[in-house]
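Reminder, nothing fancy here: chain letters follow the sequence lines and each chain counts from 1.
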Number of protein chains: 2
Amino acid sequence: MTKRKDDVCEVFCINEGKVASARASMKPDGTVFRLAAVFKVLGDPTRTRIISALLQEELCVCDLACLAGISPSAVSHQLRVLRNMNLVKYRKEGRIAYYSLDDDHIASILTAGLKHVEE
Amino acid sequence: MTKRKDDVCEVFCINEGKVASARASMKPDGTVFRLAAVFKVLGDPTRTRIISALLQEELCVCDLACLAGISPSAVSHQLRVLRNMNLVKYRKEGRIAYYSLDDDHIASILTAGLKHVEE
DNA sequence: CTTACATATGAATACATGTTCATATATAAT
DNA sequence: ATTATATATGAACATGTATTCATATGTAAG
């Protein structure tokens, strides 16, 4: 196998035209990367469960820990990940932090995913 | 910290009522798990790019390798992952395998995700 | 001012995962 | 038949990641 690592595209594409047009109509790399990042964050069972629970109503860390069946510490770690991706937001009431979905798109993504999963 | 690992839920929930109702309205564990699995599969930049390219038209392994900028071998591995999750299907034409999205839900999921990413 | 509690966070460990490399299979061409 | 090509696959390695544990922060209560 002596394919050169660079310019693989130019030389080894089978349908250069299709590749060129596909490339032209694709979202920019940054967008694809951020999209992947969002899906990756949603792609952990614990976090999916958390988001799924928050579809109904806001919940505090402890309650989410109950629902997910893991320690509050683990939930807190995961909530930070979700926060960093702008998937959840929270409000503080005393020492209790109530988390909720950050915007309506999140529910749409979940719903679309469920349609595929539930066939 | 002397919290028992079992029955954490019963003892340490702050709002038992909210937790109970959230639990009742949540999808079964199996569904949540499969949903997470779908998102996890979509959560890799290479696979997101592949799916994104296939939104336009079917493409063969080599062309996808060009678009993703990785080896055909790596693409083939990823295509198997996507196949296992029923996200893509393929038809053979001679020795060339043309891949396409398996159903319309996939596009919906991508679109919903893009709305969040593009704000 | 302590004490208790809800949450957050850093470090460490155990586990999963994506790519590469080598090789296999299958189909077309010579 | 032999060679070239398109794809598939197994093993290995390197990297990433989710949980746990220990600890820190901040808030309410005694």
* Asked: Checking all strands, does A/Ala97 fall into the base, sugar-phosphate, or nothing category for heavy-atom contacts under 4.0 angstrom?
  -> sugar-phosphate
* Asked: Does one side chain, of B/Asp102 or B/Asn86, offer a donor that lies under 3.5 Å from an acceptor on the other?
  -> no
* Counting any heavy atom closer than 4.0 Å, what does B/Tyr99 reach on the DNA or RNA strands: base, sugar-phosphate only, or nothing? -> sugar-phosphate
* Distance test, side-chain N/O of B/Lys40 to OP1/OP2 of C/dT17, below 4.0 Å -> yes
* Asked: Is the shortest side-chain N/O distance from B/Arg80 to OP1 or OP2 of D/dG10 below 4.0 Å?
  -> yes
* Structure fact -> Heavy-atom closest pair (B/Leu67 atom, B/Arg49 atom, distance to 0.1 Å) is O-CD, 3.7 Å
* Go through the side-chain N and O atoms of B/Tyr90 and B/Arg83 and say whether any donor and acceptor fall under 3.5 Å apart. => no
* Asked: Whole-Å distance between C/dT7 P and A/Leu79 CG?
  -> 9 Å
* Quick one: is B/Gln78 getting a side-chain N or O under 4.0 Å of the C/dT19 phosphate, OP1 or OP2? -> yes
* To do: Go through residues 42-61 of chain A and report each residue with a non-hydrogen atom lying under 4.0 Å from DNA chain D, sorted by number.
  => A/Asp44, A/Thr46, A/Arg47
* Heavy-atom neighbours of B/Lys89 NZ exceed 12 at 6.0 Å -> yes
* Asked: Does B/Glu118 come within less than 4.0 Å of A/Lys27, counting only side-chain N to carboxylate O?
  -> yes
* Heavy-atom closest pair, residues B/Leu79 and B/Tyr99 -> CD1-CE1, 3.6 Å
* Structure fact -> So, with a heavy-atom separation below 4.0 Å from DNA chain D, the residues of residues 83-93 of chain B are B/Arg83
* Structure fact -> Ranking B/Tyr98 and A/Val81 by the position along DNA chain D of their nearest nucleotide, the one closer to 5' is B/Tyr98
* **No-H, no-angle donor-acceptor pair, B/Ser73 side chain to D/dT9 base, under 3.5 Å** => yes
* Would you say A/His77 stacks on D/dT19, if stacking means ring centres under 5.5 Å apart and planes within less than 30 degrees? -> no
* Asked: Quick one: does A/Ser71 reach the base of D/dC21 with a side-chain donor-acceptor pair under 3.5 Å?
  -> no
